[in-house]
Amino acid sequence: MNRAANAAAAVITAALLASCSTVTSTPKAAPSGQAAPAPAPSKAAADATSAFAVISAAVPSAKLGGTITAENDPNHLLGRPHQYTSKITFTDGRIPADQTDGNKPGDAELGGSVEMFPNAADAKARHDYIQSVTKGIPALTEYDYLHGATLVRVSRLLTPAQAADYEKAAAKLP
């Protein structure tokens, strides 16, 4: 893929993923006179940084890229209702540098990200949204591994076998 196509794909990805802030889930109504049950808390790592510590221990080529804050979140989702409560980006040294021309630090194509959610239902909603947006657009595809309230997003530039290392690592999350 040439640089122009990579740049176009990056712009499209950013625009599509930024729009995911409109994804919400509607709570089910409780029977008359009863309070709606709270979502069951999921057992998960405390935050994206601690989840990444587990992942990087299992995938040595993964290196912390950066921590997303409300001020630098390109998707403007951090802390919003039903969105991630913490997020980090990472790089993977197995991705050839010549395949990442035009990417900037923090781009998922350089490795990926870990997103933590208040509960598993919100993480699944984000996972399903990303899959629906990227379906059928090869330049936007990525590997996504859902484990409870944690979503591990991995660059499409890794081979399926390399990406599977992240799937195995995500399975080790608390």
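Position 1 is the first residue of the sequence; numbering continues from there.
- Counting heavy atoms from C-beta outward, I130 and L151 have side chains that approach closer than 4.5 Å.
- Two residues are said to be in side-chain contact when any heavy atoms from C-beta on lie closer than 4.5 Å; L110 and D92 fail this criterion.
- Here the side chains of L146 and K124 are in contact, with some heavy-atom distance below 4.5 Å.
- Not counting sequence neighbours, the partners of A58 by the side-chain contact (heavy atoms from CB on, under 4.5 Å) test are A169, K172.
- By the 4.5 Å heavy-atom criterion applied to side chains, K87 and R153 are counted as neighbours.
- Taken to the nearest 0.5 Å, the CG atom of N72 stands 8.5 Å off from the OG1 atom of T67.
- Note that CD of Q83 is 8.5 Å distant from CD of E115, once rounded to the nearest 0.5 Å.
- Put simply, the side chain of E142 does not reach to within 4.5 Å of the side chain of V154, judged on heavy atoms.
- Looking only at atom types and distance, the side chain of S50 has a donor-acceptor partner in the side chain of D47 under 3.5 Å away.
- In this model, no donor atom of one side chain and acceptor atom of the other lie less than 3.5 Å apart for T141 and R156.
- Y84 and D122 share no donor-acceptor pair across their side chains, judged by distance under 3.5 Å alone.
- Contact of the P160 side chain with the Y143 side chain is registered, since non-hydrogen atoms from C-beta on lie closer than 4.5 Å.
- Side-chain atoms of D144 and Q131 form a donor-acceptor pair, as typed in the model, at a separation below 3.5 Å.
- Aromatic ring centroids of F52 and F90 lie under 6.0 Å apart.
- Between the OG atom in S61 and the OH atom in Y166 there is a gap of 4.5 Å [rounded to 0.5 Å].
- If you take NE2 on H82 and CG on N119, they are separated by 8.5 Å, rounding to the nearest 0.5 Å.
- For the residue pair D73 and L77, the shortest heavy atom distance occurs at OD2-N, 2.8 Å.
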- request: Would you sort out whether R94 and L158 count as a side-chain contact (heavy atoms from CB on, under 4.5 Å), showing the intermediate values?
  value: CA-CA 7 Å; R94 298 173 294 180; L158 290 170; 4.1 Å; yes

query: Stepwise, does the side-chain contact (heavy atoms from CB on, under 4.5 Å) test hold for I55 with V114?
result: CA-CA 9 Å; I55 291 166; V114 176; 3.9 Å; yes

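- In terms of heavy atoms, S56 sits closest to A62 at CB-O, 3.9 Å.
- Side-chain contact check for S86 versus T49: every heavy-atom pair is 4.5 Å or farther apart.
- Minimum interatomic distance between G136 and P138 (heavy atoms only, all atoms of both residues): O-CD, 3.5 Å.
- Heavy-atom minimum distance, S155 versus A108: CB-O, 3.3 Å.
- Rounding to the nearest 0.5 Å gives a distance of 8.0 Å between CD of E109 and CD1 of I95.
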L78/T85 under side-chain contact (heavy atoms from CB on, under 4.5 Å): CA gap, chis, key distance, verdict: CA-CA 6 Å; L78 183 68; T85 55; 5.5 Å; no

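- Taking each heavy atom of A164 and Y145 in turn, the nearest pair found is N-OH, 4.0 Å.
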